[in-house]
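Bear in mind that the values here come from a model prediction, so they are computed numbers and not experimental data.
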Amino acid sequence: QVQLVESGGGLVQAGGSLRLSCVVSGRTFSSTAMGWFRQAPGKEREFVAAISWGIITTYYADSVKGRFTISRDNAKNTVYLQMNSLKPEDTAVYYCAADPVIRRNNEYRYWGQGTQVTVSS
């Protein structure tokens, strides 16, 4: 059984930074593409960033490009989302997701339970 567990969320002031982590178990992590998504209250879940299993390809949503960085440590089965220059509109529940194929859509096979990020103005 594949499990994804996110951590690192919290409350931060606008302009601040947070780093989210997602640990994957039950699957060969090094051959798995990883993604980060977020869902704000009353809105649909949206793509944030993704990274291929070989760390060759990364994708970012336009709204976070230049502020967020996705990375992974295959030795630790962990994917990270470094979030800088946070804005109140970044407030959402953040989810990590895993799939054999890197995607920008919601069709990832495995999902974590989410971690709350709140940015105060």
Inset, instruction - Treat each ILVMFWY residue as a node, draw an edge where side-chain heavy atoms are under 4.5 Å apart, and state whether Val12 and Val48 are in one component. - result: yes
Inset, instruction - Please answer whether the main-chain N or O of Arg109 pairs with a side-chain N or O of Asp99 as donor and acceptor at a distance below 3.5 Å. - result: yes
Inset, instruction - Heavy atoms only: give me the nearest Val117-Leu20 pair and the separation to one decimal. - result: CG2-CD2, 4.0 Å
Inset, instruction - Kindly say whether Thr115 contributes a backbone atom to a donor-acceptor pair with the side chain of Glu6 at under 3.5 angstrom? - result: no
Inset, instruction - Please check if Leu18 and Val119 belong to a single hydrophobic cluster, counting links between Ile, Leu, Val, Met, Phe, Trp and Tyr side chain heavy atoms closer than 4.5 Å. - result: yes
Legend entry - Residue pair Trp36 / Met83, side-chain heavy-atom distance below 4.5 Å: no
Legend entry - Between CD on residue Gln3 and CG on residue Asn77, distance to nearest 0.5 Å: 12.5 Å
Legend entry - Residues Val24, Thr32; criterion side chain to side chain contact (heavy atoms under 4.5 Å, CB included); working and verdict: CA-CA 10 Å; Val24 181; Thr32 301; 5.9 Å; no
Legend entry - Heavy-atom closest pair, residues Arg104 and Phe47: O-CB, 3.2 Å
Legend entry - Co-membership, hydrophobic cluster, residues Met34 and Val2, 4.5 Å side-chain: yes
Inset, instruction - Verify the cluster assignment for Leu81 and Val64: are they in a single hydrophobic cluster under the rule of side-chain heavy atoms below 4.5 Å apart? - result: yes
Legend entry - Gln82 side-chain N/O to Arg19 backbone N/O, donor-acceptor pair under 3.5 Å: no
Legend entry - Euclidean distance, Ser7 OG relative to Tyr94 OH, rounded to 0.5 Å: 15.0 Å
Legend entry - side-chain contact (heavy atoms from CB on, under 4.5 Å), paired with Val79, selected from Leu4, Ile51, Asp73, Asn74: Ile51
Inset, instruction - List the atom of Ala40, the atom of Ala92, and the distance in Å for their closest heavy-atom pair. - result: N-CB, 3.8 Å
Legend entry - More than 12 heavy atoms of other groups within 6.0 Å of Lys76 NZ: no
Inset, instruction - Of all the heavy-atom pairs spanning Val93 and Gly114, show the shortest one and how long it is. - result: CG1-CA, 3.8 Å
Inset, instruction - Mind listing the closest non-hydrogen atom pair of Tyr95 and Gln113 along with its distance? - result: CE2-O, 3.5 Å
Legend entry - Flag, side chain of Thr57 to backbone of Ser52, donor-acceptor distance under 3.5 Å: no
Legend entry - hydrophobic_cluster_shared for Trp111 and Tyr80, side chain cutoff 4.5 Å: no
Inset, instruction - Determine yes or no for a side-chain-to-main-chain donor-acceptor pair under 3.5 angstrom, with Tyr60 supplying the side chain and Arg67 the backbone. - result: no
Legend entry - Phe37-Tyr108 aromatic ring centre distance below 6.0 Å: yes
Inset, instruction - Could you tell me whether Asp90 and Lys87 have a side-chain N and a carboxylate O separated by less than 4.0 Å? - result: no
Legend entry - Least distance between heavy atoms, Arg103 atom then Glu107 atom: NE-O, 3.3 Å
Legend entry - Any side-chain heavy-atom pair of Arg38 and Thr91 under 4.5 Å: no
